[in-house]
Structures are given as C-alpha cells and as structure tokens.
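Treat the numbers as computed from the prediction; the structure is a model and nothing was measured.
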Amino acid sequence: MIEVRGLGVSLGGRPVLREVGVTVAAGSWLAVIGPNGAGKSTLLKAMIGLLPHEGSVLVGGGEVRRMKPRERARLIAYAPQNPVLPADMTVADYAILGRTPYIPYLARESAHDREVTRSVLSRLDLTEFSERPLGHLSGGERQRVVLARALTQQAPVLLLDEPTTALDLGHQQQVLELVDRLRLDDTLTVVTTLHDLSLAGQYADTLLLLSQGHAAASGPPQNVLTKPLLTRHFDAHVQVTPDDYGRPVIHLIRPGE
C-alpha cells in the first residue's frame, strides 16, 4: 500500500531526512520510532505531501505529490500530534470536517456524510458527546475525537503522529486497542509515530527506527528493539525481555546496576 523510496527532506536549509526507504503492506501497522529530533513527524508530513521532498512516496501505486489535495485526502487520513481543536466547536461538527474531500465546493454536507459521521462516532463511543464542545472534553476523549475526524474520511491509509501523547496508561492502551480494532475491521494501513518503545513493540507489525535523519533499522519488533540498537541510538541503558507472546518489552535500568 505504501512505498517510500530515497526520501529526503530539508527544513530551513538543514537536512532532516536522508535516503529513507520503507514499505508498508496493505492492512499492516508500521510504527516509526527514534530519539527526539530524528525526523519522525517530518516523515509523516512528507508522506502525506505536506512537505517538499526528494525521492518518492507511493500510496496505492500513485505518487503522492502528484495527487490533487482532494484525491490525496480520500486516500490518506492524517492526525497531527497537536491538532487545532476549537474549544467552542462540537464533537459532531469537528468530526464531520473529515468529509470535506467528498463535499462539492460551495455545498453542504449530505445525508450520507452525516450518516458516516454518526456511524464513526458510535464506533468510537462518542455518540453521547456529539453536541459537547471540544473544550469540555478530557484528554482521552479529545484523542478519540481527533481519530473520529480522520476515520470519517474513509481513507484506506491512516497516519497518526503520537496518538498517545499526554495520555495516562489506561487511555494510551484504549486508544491503541481502538486503532488496532479499526485496522482489522476495515483493513486499514496504519503508520504511527510512537515515543513509547514497548507500546510500539506490542502493537505494530513492523518498526522503522530513525536516527539522525537516517533509517537505522527496520523490520519486526524483535529485530529492531534490541539492546545494542537501543543503546546506540537512544544512548540509554536498557534491558529487553519478551512478553508472553514473544514481543519485546523495554526496561530502563540505572547505569552500573
């Protein structure tokens, strides 16, 4: 579904990404990990065509930067790390913004657009909040609303930049379980950036480790979340142990212990 070839991005004349390549199979989940400043968010913005870049990004066989905005929005849904959430806008009004690629210019949303939005809000357990202003929601509720707007686009590819930012443990798990359930139910192709390496290893099918703008490693979680790689690229003292399903769990340890 997604193929990134030789991707390079410069911001303000400074190279941020260099020769990054990765392939994401249809219906799979790729988690992009790496230390701060490695270029994770930049990669997602380049993949959706928000940043000029060298190389190519193919989604469904088409070159992203050659697509018209509405065509691209019907193919890729993107939830940024810090979206603008107007405090006075209701949950339903915000979620239906995801239908914009399907609404003709100077026209209003159709009954079908409203039904798609109602269905998504129901699936995310947000129906009772539909008329509530965004400013009156908890952190976990806001994350679900951001996801709702992305899902109303009905795009086969979902890009999520740090979907668990500022959430407590329970809400982190709820959001990622929800994303995984929707991925399986709707055969979505999911790409997320995640700071929590153990969560990345628990949920993603494959990982891409970015370091200093390069792809340092990619593959199944057990091949990427290794002590040598994490020590080298995160400058951290860690232990890596498998869980009951063989997926790696990361433990920080104090130096010398």
Side-chain angles (χ1 to χ4, degrees), residues 1-11 16-17 20-32 39-85 89 92-121 123-124 145-163 179 182-193 206 208:
M1 175 58 74
I2 305 172
E3 187 172 1
V4 178
R5 303 173 180 167
L7 185 72
V9 177
S10 295
L11 299 176
V16 177
L17 294 174
V20 174
V22 68
T23 299
V24 189
S28 68
W29 184 335
L30 169 72
V32 183
K40 300 184 296 294
S41 295
T42 299
L43 174 61
L44 260 61
K45 291 177 182 177
M47 289 174 67
I48 199 174
L50 293 178
L51 292 175
H53 57 268
E54 299 174 351
S56 61
V57 179
L58 302 175
V59 177
E63 174 65 64
V64 167
R65 62 183 163 195
R66 294 180 181 174
M67 297 177 184
K68 295 180 179 179
R70 290 168 72 87
E71 176 189 5
R72 189 168 58 226
R74 293 181 183 187
L75 190 60
I76 310 169
Y78 168 64
Q81 185 172 342
N82 296 303
V84 176
L85 297 175
M89 181 177 282
D93 286 342
Y94 182 80
I96 206 170
L97 291 175
R99 299 301 300 167
T100 301
Y102 304 94
I103 301 174
Y105 294 112
L106 303 178
R108 294 183 59 83
E109 66 273 6
S110 67
H112 175 67
D113 296 320
R114 292 190 291 272
E115 179 55 36
V116 168
T117 303
R118 282 194 294 268
S119 175
V120 169
L121 292 178
R123 294 177 72 186
L124 301 186
V145 171
V146 172
L147 183 57
R149 174 175 172 171
L151 291 175
T152 59
Q153 287 182 228
Q154 293 186 311
V157 175
L158 185 60
L159 305 185
L160 304 175
D161 194 0
E162 293 293 345
V179 170
L182 294 169
R183 174 181 71 92
L184 296 173
D185 289 348
D186 298 349
T187 319
L188 297 176
T189 303
V190 176
V191 180
T192 58
T193 61
T206 57
L208 171 65

S.K.: Minimum heavy-atom separation for Leu147 and Leu124, please, with both atom names.
M.R.: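 Smallest heavy-atom distance, with atoms named: C-CD1, 4.2 Å.
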S.K.: Tell me, please, which residues at least two apart from Ala107 pass side chain to side chain contact (heavy atoms under 4.5 Å, CB included).
M.R.: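 Residues passing side chain to side chain contact (heavy atoms under 4.5 Å, CB included) with Ala107: Ile103, Pro104.
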S.K.: Please report the closest heavy-atom contact between Tyr78 and Lys45, naming both atoms and the distance.
M.R.: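 Looking at all heavy atoms of both residues, the shortest contact is OH-CG, 3.6 Å.
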S.K.: With side chains defined as the heavy atoms from C-beta onward, is the minimum distance between Val179 and Leu188 less than 4.5 Å?
M.R.: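 Side-chain contact under 4.5 Å: no.
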S.K.: Measure the spacing between CE of Met1 and CG of Leu75 and express it to the nearest 0.5 Å.
M.R.: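 Answer for the CE-CG pair, Met1 versus Leu75, is 6.5 Å.
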S.K.: Under the side chain to side chain contact (heavy atoms under 4.5 Å, CB included) test, which residues partner Ala77, sequence neighbours left out?
M.R.: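 Checked Ala77 against side chain to side chain contact (heavy atoms under 4.5 Å, CB included); matches are Ala150, Gln153, Ala155, Leu158.
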S.K.: Can you name the residues that form a side chain to side chain donor-acceptor pair (under 3.5 Å) with Arg99, not counting sequence neighbours?
M.R.: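 Per chain and number, Arg99 pairs via side chain to side chain donor-acceptor pair (under 3.5 Å) with Asp113, Gln154.
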S.K.: Which residue pairs pass the salt bridge (charged side-chain N to carboxylate O under 4.0 Å, His left out) test with at least one member in residues 146-156, sequence neighbours excluded?
M.R.: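 Checked against salt bridge (charged side-chain N to carboxylate O under 4.0 Å, His left out) - neighbours excluded - no pair reaches residues 146-156.
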S.K.: Heavy-atom distance under 4.5 Å between the side chains of Leu208 and Leu43, does that happen here?
M.R.: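 The answer is yes; the side chains approach within 4.5 Å.
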S.K.: Are Val32 and Val22 close enough that some pair of their side-chain heavy atoms sits under 4.5 Å apart?
M.R.: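 They are not in side-chain contact.
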S.K.: Taking side chain to side chain contact (heavy atoms under 4.5 Å, CB included) as the definition, give me every residue that meets it alongside Ala92, ordered by chain and number, with sequence neighbours left out.
M.R.: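 For Ala92, the residues satisfying side chain to side chain contact (heavy atoms under 4.5 Å, CB included) (neighbours in sequence not counted) are Thr90, Leu121, Ser130, Glu131.
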S.K.: Going by side chain to side chain donor-acceptor pair (under 3.5 Å), name the residues that satisfy it together with Thr193, two or more places apart in sequence or in a different chain.
M.R.: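 By the side chain to side chain donor-acceptor pair (under 3.5 Å) rule, Thr193 matches Asp161.
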S.K.: With a 3.5 Å cut-off and sequence neighbours excluded, list the donor-acceptor pairs that the side chains of residues 47-59 form with protein atoms.
M.R.:
unit_1: His53; atom_1: ND1; unit_2: Leu51; atom_2: O; d: 3.1

S.K.: Taking side chain to side chain contact (heavy atoms under 4.5 Å, CB included) as the definition, give me every residue that meets it alongside Asn82, ordered by chain and number, with sequence neighbours left out.
M.R.: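 Per chain and number, Asn82 pairs via side chain to side chain contact (heavy atoms under 4.5 Å, CB included) with no residue.
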S.K.: At their closest point, which heavy atom of Gly39 faces which heavy atom of Leu17, and how far apart are they?
M.R.: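 Closest heavy-atom pair between Gly39 and Leu17: O-CD2, 3.7 Å.
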S.K.: So, taking the atom named CZ in Arg183 and the one named OG1 in Thr189, what distance separates them when rounded to the nearest 0.5 Å?
M.R.: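 Arg183 atom CZ to Thr189 atom OG1 measures 9.0 Å (nearest 0.5 Å).
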S.K.: Which residue pairs satisfy the salt bridge (charged side-chain N to carboxylate O under 4.0 Å, His left out) criterion with at least one member in residues 65-75, sequence neighbours excluded?
M.R.: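 Sorted result for residues 65-75: Glu63-Arg65.
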S.K.: Just by distance, do the side chain of Thr117 and the backbone of Ala95 share a donor-acceptor pair under 3.5 Å?
M.R.: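 No.
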S.K.: Got a sec, which residues hit salt bridge (Lys or Arg N to Asp or Glu O under 4.0 Å) with Arg123, two or more places apart in sequence or on another chain?
M.R.: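 With neighbours one apart ignored, the set is Asp186.
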S.K.: Find out whether Thr206 and Val24 are in side-chain contact, i.e. whether some heavy atom of one side chain is under 4.5 Å from a heavy atom of the other.
M.R.: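 Result no, sub-4.5 Å side-chain heavy-atom pair not found.
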S.K.: With side-chain hydrogen bond (donor to acceptor under 3.5 Å, both in side chains) as the rule and sequence neighbours excluded, what pairs involving residues 20-31 come up?
M.R.: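 Residue pairs with at least one partner in residues 20-31: Trp29-Thr192.
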S.K.: Please list, chain by chain and in numerical order, all residues satisfying salt bridge (Lys or Arg N to Asp or Glu O under 4.0 Å) with Arg118, sequence neighbours excluded.
M.R.: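 By the salt bridge (Lys or Arg N to Asp or Glu O under 4.0 Å) rule, Arg118 matches Glu115.
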S.K.: Is there side-chain contact between Val146 and Leu85, with heavy atoms separated by less than 4.5 Å?
M.R.: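 Contact flag for Val146/Leu85 side chains = yes.
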